[in-house]
Structures are given as structure tokens and as C-alpha cells.
Amino acid sequence: MSQAYAKKSVLWDWLTTVDHKKIGILYLAAGGFFFALGGLEAMLMRIQLMFPELGFVSEQTFNELLTMHGTTMIFLAAMPLLFGFMNYIVPLQIGARDVAFPFLNSLGFWLFFFGGVLLNLSWFLGGAPDAGWTAYTPLSSAYSGTGIDYYVLGLQISGIGTLIAGINFLVTIINMRAPGMSMMRMPLFTWSSFVASALILFAFPALTVGLLLLMFERLFGATYFAVEMGGNVVIWQHLFWIFGHPEVYILILPAFGIFSEVLATFSKKRLFGYSAMVFATLIIGFLGFMVWAHHMFTVGIGPVANAIFAVATMAIAVPTGIKIFNWLFTMWGGRIQFTTANLFAIGFIPSFVMGGVTGIMLATSAANYQFHDTYFVVAHFHYVIIGGVVLGLFSGAFYWWPRMFGYKLNETLGKWFFWLFLFGFHLTFFVQHFVGLMGMPRRVASYLPGQGLDSLNLISTVGAFFMAFAFILFAVNVVVSVKNKSEADPWDGRTLEWGIPSPTPEYNFAQTPLVRELDPLWYEKMHGNGKLKAAEPLDDIHMPNGSILPIIMSFGLFVAAFGLIYLVHPVTIIGLLITLVCMFVRSIKEDHGYHIHKEDIQNEEGAG
Amino acid sequence: MAQAEEVKHDQALPPYPEKATLEGKNKFLGFWFFLGGETVLFASLFGTYLGLRNGVADGPTSQELFHLDLVFYMTMILLTSSLTSVFAIINMKKGNYKGLLGWMWATVALGVAFLSFEIYEFWDYTVNYGLGFSTSAFASSFYTLVGTHGAHVLFGVLWISTLLIRYAKTGLTLTNAPKFYTASLYWHFIDVVWVFIFTVVYLMGV
């Protein structure tokens, strides 16, 4: 069996893989590609806004750029990159050999990938979507071209993938934990991934429905958003934000988890207030569903509704504040190491707090009428998303890189990257607060000279170039550090993922570990022999077989989407049939996987 | 323990074959989560319908359309199909595989009957009352909500039929027990959704 496995080509192996570690790396690669694409779109916009009335791109192109920048960064970059870490790290942190549904895990990835490709093909096929990432009706339903069809179907396909991934993580974390790994011993990254997955489960179906309605409206003549037919345009806004607000917590909670791991490891202390951190995460997740209408204060839903949503929004500052103080207390009295990963975590704290403060300002519904749709809002959400999520992603990248790829990223280059990126980030977005307060509206392709906006916009663009240059340094770092081989536990880690050989074996743990305390590896280092205790004797390990079906299923939906966009029904039917036949095959063909023999494991462990 | 004694197996299966393996446990829990997501999906569709049900433009209103007798038959059929799927699972727990298959086929038949009524209903509204998909916001949201439910019934019929044909001769195994069990969970779920449709759409609409 293992010989037959070795014969398969590398490409076929990656296309059919159901290994959570390889899928994690696929998520990182695809997410990294889309991140670069979204960054490029941002740079083009910043160049256009460098000077007043610049004709670098047309107004139409600008609308497409701003729409695709937002959509790409949220759906195709930030979330998949977090999924990359979740996929690779969560099973290792709970002492599992795999996720609960390896096949669905692969399907989730390929659906996301084909959805993202579909969305981006719109650039070449009649123009990208141009109604903003929020795609408000009736602009998106009655006044936009085929770009919106790509938006609707691309997000629908990748959204199904996200939902599948969310369910997979929920079940994995509940059912697959090693003996002794109680819920209250789970590392914070696992906890925050768990809560984020629950948010995905309950938030994404609202987007699914919103997109379904918009698709029916545009392609089949439904009239939900046509006021003259009794429709109502605000329904889209409600559905979108019932999804959209939990979405920002889906992004930030795993990043919070990464910071909790990194700060504890590099302060050489256990995380301060572990249970308070867990409950704060849960409360943020719960309140995240109660605040969607704060995106709609100026729609006219009335003073009572506005007041309720304003207060609910401000309440989120309490659990978030608990987290901030717990991170500070984790560092307090610790032996802090200023590695690149930790620099990102430390840089995150003040940056994110600034985004939080402007969040409270925006939540003040009366004042919101002044801030709404200005650059103040743009500054706010970039402070929480770059200052929170992106810094978290880079912190996680430097921290887990040795575990995932077997080599350490260069620290000197990494520190240059950190300082340039942080400096560029604040330079770009700090001034946008003031640009916004002066009244510059967001999403407009240019501005007039002599209104006090010129120099601030120029500063902002210069900052964006710093960020772009810094990102190139990161890409260089990834390449030049390849020879910098790392040992299995380079950071003197605390959690299970550092207790196994490097590179990570296919089966993760030769013997399922026994967990005796929070930070199990650290506990064994202090109270045991420094190695994880086994919870079972060495035995054959059951593994799932790879499958090509997920990629074909996703491709079927991709084909069907083209049929829908151009209303060529045979193509739609063929596409859906491809997917359904694959589902049918999957259902009737029993696949019981294979076993890795205990002798092979002994050989491998001995060699490692 | 008392339950375990009642269970008779044609093979040496554990007492709860649907949850005996880790794979079965994962499937069971994952499917409950999936139904949680489906709940939000239907809640969003219900919300949309409630927001638009008076937006009839120049088209017919729900009072002109709905006839409770037809909907009553459809409700009875679907509720009965839920009962038959319960009988199927009881037979599975007793180890009576033939009984499981028979009651599941009855469930499928009732599902098909329900779908036929629904297709007739939509045809009737379209042809005799002039309620097209684009007639009004009420029409669009009505067809979307009830049609999405109908699509779920159709998927359930296809899914359960596939299982019944595939496992016609295998007997109950640790692999197919979770499949039948989740299929019955799914069937109960679409039944519950219909109870809400009956109440919110039809009873509030006549």
C-alpha cells in the first residue's frame, strides 16, 4: 500500500490530498496569491488618489478596484489564510491525527479556490463587479453589469466551502481531542477557531440567502428589491450585515488566538487569565450577532433601534478590553523575547486599540451620521483588520513557519519587514481619520484640489508604498530562508504542536498523547521528561484515502456558474450534473481508507 | 440498559450502530451542526417573506390564492412521512433491516406525493391566478421560500432512494447505520420547516 502511494506524482498527490496539513498549505498558498492580488488593487487605488483629479485609472475601473479589493481581501485572502493555520495547527494542538471530515476538508478548499477564480475571471470577461464589496441593492440588482453575477456566484461557491470548513472544525474540536485535552485545556488558538467556526455556521447561511435572492433578481426576474413591484431594498442590507458583522469576528477571533499563543510563548509565562480569555471569546462571538444594524444607522431604522444597536456595539468593548489587559498582564513580569512573531503581537496591541476606539466613536449613532461613508470609516476598519487580522497572520506565519515548512524565516529580514510594515500601515491609515473628518467621501475616484486633502492623501499613498515594499521583503524572506533548517521545537513551545518531530509526520502523533495540564508540552518540560506521554500503545494507524472527487465537484459548480451568468441552460445542467454525479459516487462507493503499519512508524520515528 | 436488552441484532452490532464508530459520531454531530446552519437559512427566507408578503403590486394577494384544504392535505402527508421515518429508525434499533427499508420506502413515497401536490399548487397559482415568479415581491418571496423547502424535499427523496437501492441487500452495517440515521434527521428537519411554512405562510395568509 505504501509503495503504491509513493508511485503517485507530486501534482496528483496535492490535487487529491485529504491530509489536513497539505490542505492547510494549499489554503496558505491560494490565500497568499489572492492577498497579493488584493494588495495590488489597493496600490492602484492609492496611486489614483495620490494627487487631486489624477486620471491614472478611470472612474469605472476605480469602482471595480474598490469592490474587488474589499471582496478579495475578506473572502479570498484573510479567511483562507486563517483557515490555513487552523487546518494545519488545530488538529496538532488537540492531539488529533486528522480532522473529523478529511474529504469535506478538501472539498471546502477546492470550492473556495474555484469561487475565487470565478470571481477574478470577471476582470477579463466584461468587467469586474463595481457595486462595492457590500453590493447594496438596487445598485447591484438593477444598475450593474455582469460583474455582479460573477460576484454573486463566486461568493456563493466559495461560501459553501467556508460553511463546510466551519462545520468540520466544530466537529473536529468537539470529537477528536486527545485523552485529557478537556475543553478548558485547549490552547486559545483552538478555542478562538472553535468560536469563529460557530460564527461561520450561523452567519454564512444569511449571506447564502442574500446572494440567492440577488441571483434570482438579476437572472430570473424576481422582484424582492424592486420597489415598484412591492419590493424592499433594505432587506439586502439586513441579510448582508447579519452575515457581515459576525464575519469581522470570524476574522479577528482566530487572530486573537494567534496573539495569545505567541505572547505566552515569548513571555515564557502561561497566558494570564485563561478562563477569562475563553469566556471573553465566547461573549464576543455571541454579541457579534446582536450588532449588525450599526452598519445601517443612517438608513432610517429609527432612534430606538439605533440606540439599542449602539449600546450593544459598545458592550463588545468590555470583553475585548478584558483580552487586551490579559495580554498585557501575560507580558508583565515575563522574560520577553523580541522575535519577529512577538513584535507583530506587541505591535498589534496599540494598533488594534486605536481601531477599537474609533469603533466606539462610530457606534455612537448620533455622531455616526457625520462619519458615515467617509474615510473615517475606512481608517477604522483598516485599523482593526490590518492592525488586528493582518498583523496576526504575519505573527502566526513567523511563529508556525518552522512547524509547517521545516525552516525558520530569517529574523533580521523579518524585523525589517515588521518595522517597515507597521510604519507604512500607520502612515497610510492614521491620516485617513482626518481626511474623513474633513468630509472626503469613501469610494469616490478622485477629489478636488485646494480643500486641504492634497498633502494628507499623498502621505497616505507614500505609506501604502512602504507596506507594499515590506510585503516584498516578506516574499524574499520566504525564499532566501529555505536552507535555514529548524529543529522540532525552535521557540521552546508550550503546546502539543511543538512536541512532535519535524517535518510533521503524515499521521501527526505516532501515539496519541496524554494531556495532563494546560500548556501540556510545557508541563512535561517542567514536571516530566520533556516528552509527551503516550495515551496508547504503538499500533497501526488508520488513514483516509485521497480523492480527486472534491476538485471535480467544485469544477462542476464552476461550470454551472458560467451557464447561469450567460443563461446558457445546457451548460448549467452539465455543470450541476458533474457535481451531483460526484456526490452520488461518493455516497455509494464505500472507502475505508488504509493503515500505516506499526513497523513503518517505528522506522520513521527512529530515523527522525 | 433496559433499552439494550430489547435490541435484537441480525449481526453482532453494538446497541447504537449509528454512533458506534468515530466516523458515525462525527457524522451525527456534523449533521446536527449542518441543520443549525439550515435553520438560519430558512429563518432568513422567512424574514424576507414576512417583509414582502404585503408587497403584491398589481398581482393577486395571498387571500385570493391560498386554499387551506390543499395545504391541509400536504401537511398531513408530510407529517405522516415523518412518522414513517420514525418507524424506520425504530426498526433499525430493533435490528429489523427489512422493516427499516420498508418504512423508508414509505417515507420516500409520501415525499413524492407531497412534491406532486406542491407542483400542482404552483401550476395552479401560475396558470389560474396569474401569479408568476416576477409578478410581485410577494410572489417572488413566496416561491423562493416554499420552493427552497420543496427543493429540500426533492433532495431528501433522491438521497434516501440512493441509500435504499445501494444498501438493499447489505443488511445493517456500521457504515450505513449513520447514513440512514442522518437521512431521517434531515427528513424531520424539512418536516419541521413545513410546520412553520404552514403557520407563517398559509395560516397567516388566508
Side-chain angles (χ1 to χ4, degrees), chain A residues 98-102 104 160 163-164 166-172 174-176 197-198 200-210 212-213 216-217 220-232 234-236 238-239 242-243 246 289 542 544 580 583-584 587-593, chain B residues 21-59 61 132-141 143-145 147-148 155 158-159 162-163 165-167 170 173-176 179 183:
Chain A
D98 209 328
V99 289
F101 305 112
L104 287 182
I160 299 167
L163 189 64
I164 288 173
I167 292 175
N168 191 8
F169 285 120
L170 284 171
V171 179
T172 303
I174 290 178
N175 273 0
M176 310 280 283
S197 301
I200 288 172
L201 175 63
F202 294 116
F204 263 77
L207 177 71
T208 304
V209 169
L212 190 79
L213 299 184
F216 282 169
E217 179 107 355
F220 304 122
T223 54
Y224 324 99
F225 308 122
V227 177
E228 69 281 10
M229 305 297 277
N232 184 341
V234 183
I235 284 178
W236 166 266
H238 279 292
L239 288 174
I242 286 171
F243 146 77
F289 280 100
H542 176 253
L580 281 172
M583 286 168 73
F584 184 74
S587 181
I588 62 165
K589 197 171 144 260
E590 285 183 6
D591 183 349
H592 295 291
Chain B
T21 60
L22 179 61
E23 210 183 331
K25 270 188 208 122
N26 287 344
K27 217 169 239 182
F28 179 76
L29 184 63
F31 205 81
W32 271 106
F33 281 128
F34 168 72
L35 292 181
E38 287 269 89
T39 307
V40 179
L41 182 117
F42 277 104
S44 305
L45 288 170
F46 274 109
T48 307
Y49 174 78
L50 285 174
L52 298 175
R53 70 192 179 112
N54 295 320
V56 293
D58 300 326
T61 64
F133 189 53
S134 312
T135 306
S136 63
F138 158 68
S140 298
S141 59
Y143 283 124
T144 309
L145 170 59
T148 304
F155 184 81
L158 294 176
W159 178 18
T162 308
L163 289 182
I165 296 167
R166 166 68 176 83
Y167 293 110
T170 58
T173 65
L174 288 176
T175 311
N176 63 25
K179 295 190 181 199

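The chains referred to below are lettered A, B, ... by the order of the sequence lines, with proteins before strands, and numbering in each begins at 1.
- Using a 4.5 Å cut-off between heavy atoms, A:His592 touches chain B through its side chain atoms alone.
- In this structure, the portions of B:Ser136 lying under 4.5 Å from any heavy atom of chain A include both its backbone and its side chain.
- Using a 4.5 Å cut-off between heavy atoms, A:Ile588 contacts chain B through both its backbone and its side chain.
- Closest heavy-atom contact between A:Leu201 and B:Phe33: CD1-O, 3.2 Å.
- Considering all non-hydrogen atoms of both residues, A:Thr223 and B:Ala137 come closest at OG1-N, 3.1 Å.
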Problem - Pair A:Phe289-B:Val40, side-chain contact (heavy atoms from CB on, under 4.5 Å): steps then yes or no - result: CA-CA 12 Å; A:Phe289 280 100; B:Val40 179; over 6 Å; no

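- When all heavy atoms of B:Asn26 and A:Phe101 are compared, the closest pair comes out as O-CZ, 3.0 Å.
- B:Thr39 does not touch chain A: none of its heavy atoms, backbone or side chain, sits under 4.5 Å away.
- Neither the backbone nor the side chain of A:Ala226 comes within contact range of chain B, judged by heavy atoms closer than 4.5 Å.
- Using a 4.5 Å cut-off between heavy atoms, A:Phe225 makes no contact with chain B at all.
- Side chain of B:Ser134 to backbone of A:Gly221: a donor-acceptor contact under 3.5 angstrom is found.
- Using a 4.5 Å cut-off between heavy atoms, A:Phe584 touches chain B through its side chain atoms alone.
- With sequence neighbours excluded, the residues that form a salt bridge (charged side-chain N to carboxylate O under 4.0 Å, His left out) with A:Glu590 are B:Arg166.
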